[in-house]
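The structure under discussion appears below in the form of structure tokens.
The chains referred to below are lettered A, B, ... by the order of the sequence lines, with proteins before strands, and numbering in each begins at 1.
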Protein chains: 2
Amino acid sequence: MAAKKRSEMMEETRAKLIASARKAFAEQGFAAASMDDLTAEAGLTRGALYHNFGDKRGLLQAVVDQLDTEMAQRAHDIGARAGTGWDGLLAEGVAYIEMALEPEVQRIVLLDGPAFLGDPSQWPSQNGCLHMTRQTVERLIAQGVVRPIDPEAAARLLNGAALNAALWVAASPDPQDVLAKAVEAFRALAEGLLARPS
Amino acid sequence: MAAKKRSEMMEETRAKLIASARKAFAEQGFAAASMDDLTAEAGLTRGALYHNFGDKRGLLQAVVDQLDTEMAQRAHDIGARAGTGWDGLLAEGVAYIEMALEPEVQRIVLLDGPAFLGDPSQWPSQNGCLHMTRQTVERLIAQGVVRPIDPEAAARLLNGAALNAALWVAASPDPQDVLAKAVEAFRALAEGLLARPS
DNA sequence: TCAATTCACATACGCGACGTATGTAGAAAT
DNA sequence: ATTTCTACATACGTCGCGTATGTGAATTGA
């Protein structure tokens with residue numbers, strides 16, 4: 001076991017705190033989660049927390065950034081696997097709906113994030129999912145597949161639709177059935193973006 | 001001045017507390033708002049609050065119900081003025097986007113509401129806006145204007161899209177310009193619901 | 001009309017959680 | 001080897017929620 005440098009130790013501490021916070025925030029919500037409990041589970045104290053993240057919101061910010069980055073990566077992979085065309089965008093959107101079913105994502109990124117950190121597009125992580133959807137839309141507009149509308153606006157509305165679909169699915173007693181309906185409605189809505197041959 | 005009955009007095013205190021809470025929650029957010037300050041501004045104490053609403057969440061629930069009812073009424077009027085067809089649905093959606101620009105609506109109903117009360121469709125007020133949009137969609141499906149998809153799903157996604165559009169507009173430095181883009185994108189998306197002559 | 005009761009609200013208290021100020025041990029620097 | 005620095009721990013003050021208890025005015029019943 002090689003001796004660890006100080007910077008490595010600090011990275012490890014940050015990682016442990018973020019991991020504990022992810023669990024606590026997902027299970028109890030940001031407001032109800034106790035910093036004492038949270039840090040204790042990571043084998044640390046609140047001192048480490050305030051030293052590394054400034055305050056409770058700073059920790060939430062770090063957790064959200066990590067989750068958002070993971071989500072963007074996953075959605076990108078799924079979208080790319082479905083191709084660079086229209087199907088890619090649909091796959092991304094559906095992937096987003098399905099990811100939003102995970103309690104961690106829903107509670108932290110979709111509910112507490114906007115409530116306590118404000119508008120997602122202002123986050124340091126820039127909301128990777130949103131950014132990625134926008135790029136996909138831009139590409140499809142350039143391809144002539146999607147009609148020339150503001151790509152930022154389109155990405156916003158698509159992500160918003162997906163988010164609410166996920167909230168609905170998650171709260172339903174029969175998630176599988178509701179998920180199918182949500183995906184169908186999402187496909188229908190998204191088709192409104194298609195260039196009409198008119 | 002007629003003497004007031006006890007029930008009338010109680011209604012008045014409830015109204016005063018809700019009014020104070022609307023201001024406080026809108027300005028500071030639910031989590032940061034202090035019940036002591038809130039009740040003091042209404043000329044009361046926390047005693048009245050806990051007697052009438054049970055706890056802090058109960059007060060938020062009451063505020064959200066009131067706002068939601070007002071929003072549904074306003075959107076209904078605007079939609080009805082635009083007719084009972086496709087334009088009615090579009091008008092409702094745009095009205096929803098514009099209402100979501102008001103700090104009271106955005107902060108309380110769209111951000112803190114879901115975060116602290118859970119899924120909007122589970123609220124006692126049943127989320128009037130959502131309910132109304134669904135009815136409109138159902139009517140248009142019956143008319144053959146909208147293709148036969150699950151109306152609940154469609155209403156959910158439309159409202160979700162409108163919400164995120166509003167968050168975007170509100171956070172932008174040039175709301176007027178961004179609002180126009182958002183409305184355009186919303187119209188495009190919504191057209192995906194139209195029945196195709198395929 | 002008057003005593004008894006109810007109730008809407010105020011007051012008082014305890015507890016938990018956040019943020020800060022201070023302490024400390026070990027690594028880094030010279 | 002001494003000094004400095006820093007990543008964390010410890011200790012403290014404060015604030016806000018929820019509850020338990022008190023009180024005066026309105027209501028009830030005879």
Which nucleotide in the list [options] gets nearest to the side chain of [X]?
| X | options | result |
| --- | --- | --- |
| A:His51 | C:dA12, D:dC8, C:dG19 | D:dC8 |
| B:Lys56 | D:dA11, D:dA9, D:dC17 | D:dC17 |
| A:Thr13 | D:dG18, D:dC8, C:dC18 | D:dC8 |
| A:Met10 | D:dT10, D:dA7, C:dG19 | D:dA7 |

Rounded to the nearest angstrom, tell me the gap between atom [atom1] in [X] and atom [atom2] in [N].
| X | N | atom1 | atom2 | result |
| --- | --- | --- | --- | --- |
| A:Met9 | D:dC8 | CE | P | 7 Å |
| B:Tyr50 | D:dT21 | OH | C1' | 16 Å |
| B:Leu17 | C:dA10 | CG | C1' | 13 Å |
| B:Phe53 | D:dT19 | CZ | C1' | 19 Å |
| B:Leu49 | D:dT19 | CG | P | 13 Å |

Exercise. Is the closest basic N to carboxylate O distance between A:Glu191 and A:Arg187 below 4.0 Å?
Worked result: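 A:Arg187 and A:Glu191: not salt-bridged.
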
Problem set entry | Test side-chain contact (heavy atoms from CB on, under 4.5 Å) applied to B:Glu27 - qualifying residues, sequence neighbours left out | B:Lys23

Exercise. Does the side-chain contact (heavy atoms from CB on, under 4.5 Å) test come out yes or no for B:Phe25 and B:Arg107, once each step is laid out?
Worked result: CA-CA 8 Å; B:Phe25 292 166; B:Arg107 177 83 249 180; 5.8 Å; no

For this session: Look at the side chain of B:Arg46 and the base of D:dG18, then say whether one donor and one acceptor between them are separated by less than 3.5 Å.
Result: yes

Problem set entry | Those residues of residues 20-44 of chain B lying under 4.0 Å from DNA chain D by at least one heavy atom |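 When residues 20-44 of chain B is checked for heavy atoms under 4.0 Å from DNA chain D, the hits, listed by number, are B:Ala33, B:Ser34, B:Met35.
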
For this session: Return each pair, listed once, that meets salt bridge (Lys or Arg N to Asp or Glu O under 4.0 Å) where at least one residue sits in residues 164-178 of chain A; pairs must be two or more places apart or across chains.
Result: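 Counting only pairs at least two positions apart or across chains, the salt bridge (Lys or Arg N to Asp or Glu O under 4.0 Å) contacts touching residues 164-178 of chain A are A:Asp177-A:Lys181.
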
Exercise. Applying salt bridge (Lys or Arg N to Asp or Glu O under 4.0 Å), which residue pairs with at least one partner in residues 52-69 of chain A are found, sequence neighbours left out?
Worked result: none

Just list the side-chain donor-acceptor pairs under 3.5 Å for residues 154-168 of chain A, sequence neighbours left out, or say none.
from	atom 1	to	atom 2	distance (Å)
A:Arg156	NH1	A:Asp119	OD1	3.4
A:Arg156	NH2	A:Asp119	OD2	3.2
A:Arg156	NH2	A:Ser121	OG	2.6

Return a table of donor-acceptor pairs under 3.5 angstrom between the side chains of residues 76-96 of chain A and protein atoms on other chains or two or more places apart.
from	atom 1	to	atom 2	distance (Å)
A:Asp77	OD1	A:Gln73	NE2	3.2
A:Glu92	OE1	A:Thr136	OG1	3.4
A:Glu92	OE2	A:Thr136	OG1	2.7

Exercise. Counting only side-chain N and O atoms of B:Asn52, is one of them less than 4.0 Å from OP1 or OP2 of C:dC9?
Worked result: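 Result: yes.
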
